[in-house]
Amino acid sequence: MTDLNEYECEMLDAVLEAFGVPDSLTRLQLLQLFDNDEAMAYAMVQALAREGLVAEAGKPGHYELPDKLVLKPKGEKFLKEGGFAKRYLSEQSKPQQVGAPLPNYSSKTCACKTRNWLTKQNY
């Protein structure tokens, strides 16, 4: 999920919130949500499908919006728990690790490895 920015998280939540009583959205409804930007709508649908929150029905071909997008119970639960915006904010509040942690060698192991390295260097 870390590859999504705050705006994209809000857009994904907006799509989940757009589901009505039949728990489905048509292709035309999806296009209306994204001001007829099919590429953006497709990318958002794929992100929701990857998370397992929606199911696609009547997909005409690759790289095209499905005829119908169905909200799964997992998607409804996810939205009630705060959705992508909450997940994004919680990830932003976690401290960032800048490098890999240093190995925890005991002094005895380190001394042996250093001695072996020095021996190989012909000192």
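Nothing fancy with the numbering, it's 1 onward along the sequence. Keep in mind that the numbers below use all heavy atoms, side chains included, and drop hydrogens, waters and symmetry copies.
Using a distance-only test at 3.5 Å, with no hydrogens or angles considered, no donor-acceptor pair links the side chain of D35 to the main chain of D37.
Residues A57 and P66 share a closest heavy-atom pair of O-CB, 3.8 Å. Minimum interatomic distance between K74 and G52 (heavy atoms only, all atoms of both residues): CD-O, 3.6 Å. Nearest heavy-atom pair, E56 versus A49, reported as atom, atom and distance to 0.1 Å: OE2-CB, 3.7 Å. Considering all non-hydrogen atoms of both residues, L12 and A47 come closest at CD2-CB, 4.0 Å. Closest approach of F19 to L69, counting heavy atoms only: CE2-O, 3.2 Å. Of all heavy-atom pairs spanning Q29 and T26, the tightest one is OE1-N, 2.7 Å.
Residues R27 and E38 are paired through a salt bridge, judged by an N-O separation under 4.0 Å between the basic side chain and the carboxylate. Checked for salt-bridge contact, K80 and E76 meet the test: a charged N lies under 4.0 Å from a carboxylate O.
Distance CG/N36 to CG/L30: 11.5 Å, rounded to 0.5 Å. Here the straight-line distance linking atom CE of M44 with atom CG of D13 works out to 11.0 Å at 0.5 Å rounding. Of the inter-residue distances, the one linking Q92 atom CD with C9 atom SG reads 8.5 Å to the nearest 0.5 angstrom. Going from atom CE of M11 over to atom CG of L16 covers 11.5 Å, rounded to the nearest 0.5 Å.
A continuous path of Ile, Leu, Val, Met, Phe, Trp and Tyr side chains, each step under 4.5 Å between heavy atoms, connects L79 with L4, placing both in one hydrophobic cluster. Criterion: ILVMFWY side-chain heavy atoms under 4.5 Å apart, direct or through other members. Under it, V54 and Y42 are part of a common hydrophobic cluster. Cluster membership for L31 and L48, using ILVMFWY side-chain heavy atoms within less than 4.5 angstrom, is shared.
Considering only heavy atoms from C-beta on, L25 comes within 4.5 Å of L33 through its side chain. Proximity of K72 to L53: side-chain heavy atoms (C-beta onward) are nowhere separated by under 4.5 Å.
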>> Is there a side-chain contact (heavy atoms from CB on, under 4.5 Å) between F84 and E8? Walk through the geometry before answering.
In response: CA-CA 9 Å; F84 287 96; E8 292 167 331; over 6 Å; no
